[in-house]
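Below is one structure, written out as structure tokens; the observations come after it.
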Protein chains: 2
Amino acid sequence: METFLKNTVPVMEFKPFRETIYEYLRQQILSGNLRAGILFSDGEIAELFKTSRTPVREAVQKLEAEGLVERLPMKGNIVKGLSPVEIAHIYSIRKALESLAIRYATLRITPEELDTMKAILDGVDTLLALEDTDNLAEKLLQPAGEFNNVLFNACRVPKLIQMVWQHRELLDRYRTMRIVISKQLGERFVTRRRVYRAFLEKDMEKAVAAWEEHLETSFRIWLESSGLDAEKARGEYL
Amino acid sequence: METFLKNTVPVMEFKPFRETIYEYLRQQILSGNLRAGILFSDGEIAELFKTSRTPVREAVQKLEAEGLVERLPMKGNIVKGLSPVEIAHIYSIRKALESLAIRYATLRITPEELDTMKAILDGVDTLLALEDTDNLAEKLLQPAGEFNNVLFNACRVPKLIQMVWQHRELLDRYRTMRIVISKQLGERFVTRRRVYRAFLEKDMEKAVAAWEEHLETSFRIWLESSGLDAEKARGEYL
DNA sequence: AAGTGGTCTAGACCACTGT
DNA sequence: CAGTGGTCTAGACCACTTC
């Protein structure tokens with residue numbers, strides 16, 4: 001019967017244009033390719049994709065809802081920038097959300113997930129032992145991301161996972177953040193090891209404490225890397 | 001000069017149809033008029049407003065982003081319901097966000113705002129003294145809302161304020177929540193008085209503690225009002 | 001006055017549903 | 001296989017900006 005093919009071949013999903021456009025713009029912004037302050041119009045993007053403006057509008061509205069783009073009346077769309085004060089606020093919100101995620105994760109993480117974490121941490125150790133300092137930062141970025149993935153997924157609260165990543169993305173796209181990350185290089189995996197150990201011991205408060213210190217350090221380094229302009233944001237982090 | 005009128009009369013803002021439609025649907029959902037599980041199609045709403053489907057689509061997409069509506073492929077739009085487990089999760093997220101807001105507010109609330117709070121609390125006291133128990137719940141709803149408004153605004157973190165209200169709305173639309181509120185009648189203003197006093201003393205931890213207890217009580221009452229079906233959500237609240 | 005942005009309309013087209 | 005939902009197109013229209 002000819003239904004065989006139809007049923008076994010993976011469904012060729014039709015991806016709406018707005019999705020493609022959304023992902024493209026989002027990727028451009030998060031990669032830092034489209035920097036904060038850059039203006040673009042719906043028509044411009046529509047032309048780029050050889051489509052009409054409706055799907056572009058919808059993609060941009062979604063980005064607006066996520067806080068990555070601002071729609072200025074009669075000006076166009078602008079890649080949204082964050083003031084130092086807003087960055088401090090986002091750090092605080094991240095602390096609140098990620099602490100909660102870690103509390104859940106302490107209770108719910110599986111032995112398999114703990115093994116994965118250990119594997120990632122050991123991998124990093126051998127990498128560090130090589131003393132091959134050529135773009136070390138780049139090389140550590142991937143295991144750090146994988147670790148975080150396991151970590152936050154372990155909380156088993158879909159809504160919370162989504163909120164956590166959304167707020168991390170708001171900050172990660174900044175050039176300054178890459179400086180912060182490279183300055184925190186070693187420390188980042190010390191923290192992750194502490195979290196891992198706390199998970200082993202099922203010690204919620206220890207895990208949270210490690211993570212909060214990590215965020216605190218990250219904020220402090222960002223503050224120091226950002227010069228006097230950012231000083232007024234110091235008191236905005238709680 | 002004829003620019004006088006043009007410059008002094010408030011600008012007659014053109015409100016996009018999608019805004020009107022969005023606000024209408026949102027209000028219908030939050031008021032409980034459109035209950036969870038109800039299906040509706042874009043075309044249906046377009047007809048209701050005598051417009052085309054495009055603005056309706058955009059309004060519905062916004063509601064989807066906020067989690068009030070789900071778009072089921074080839075079925076239509078459905079008013080999204082929350083499982084007991086999801087409700088527990090939202091309570092936890094609320095605790096994280098609202099605690100942070102209260103921490104900020106403790107530091108930043110102005111004497112004027114404290115006066116407003118006191119006025120609201122005193123108003124409630126005289127209301128309670130009357131012992132006029134006719135739909136007392138209804139009458140206390142408004143001052144409670146006003147108090148919360150002052151409270152959360154005092155944190156001065158726009159993003160946080162928006163997140164707090166968004167998550168409160170996710171729960172408030174449920175019928176069960178009204179039962180919870182009426183069962184908590186007296187206790188609600190006891191809590192608010194505690195928060196107010198903590199603000200006077202600039203005691204952050206006391207304010208947070210009061211609020212967290214309040215949320216905890218609210219969750220417990222909801223659990224008890226919701227029968228056996230909700231029991232599995234007990235361990236989901238952190 | 002010309003140009004651009006923002007919104008909406010009307011309708012085409014295809015995929016999927018259900019009888 | 002008719003019906004409905006989901007998406008996109010092409011273009012109209014008006015408000016605002018800019019020259």
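Reminder, nothing fancy here: chain letters follow the sequence lines and each chain counts from 1.
Between B:His89 and A:Tyr104, the distance from one ring center to the other falls under 6.0 angstrom.
The shortest distance between the side-chain N/O atoms of B:Lys75 and the OP1/OP2 oxygens of D:dG3 is not below 4.0 Å.
With sequence neighbours excluded, the residues forming a side-chain contact (heavy atoms from CB on, under 4.5 Å) with A:Phe49 are A:Thr20, A:Ile21, A:Tyr24, A:Ile45, A:Thr51, listed by chain and number.
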Problem set entry | Where protein sits on nucleotides 7-12 of chain C, one letter per nucleotide: B base, S sugar-phosphate only, - none, heavy atoms under 4.0 Å | BSBBBB
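Distance check: A:Thr116 OG1 to A:Phe147 CZ gives 10.5 Å after rounding to the nearest 0.5 Å. To the nearest 0.5 Å, atom CZ of residue B:Arg103 and atom CG of residue A:Leu238 are 7.5 Å apart. Atom CG of residue A:Leu97 and atom NZ of residue A:Lys159 lie 10.5 Å apart, to the nearest 0.5 angstrom.
At whole-Å resolution of the value, CG in A:Leu72 and P in D:dT17 are 12 Å apart. What separates CE of A:Met74 from C1' of C:dT4 is a distance of 8 Å, to the nearest Å.
As judged by a 4.0 angstrom heavy-atom cut-off over every strand, A:Ile21 is placed among residues making no nucleic acid contact.
A:Glu19 and A:Arg26 are not joined by a salt bridge, as no carboxylate oxygen comes within less than 4.0 angstrom of a charged side-chain nitrogen.
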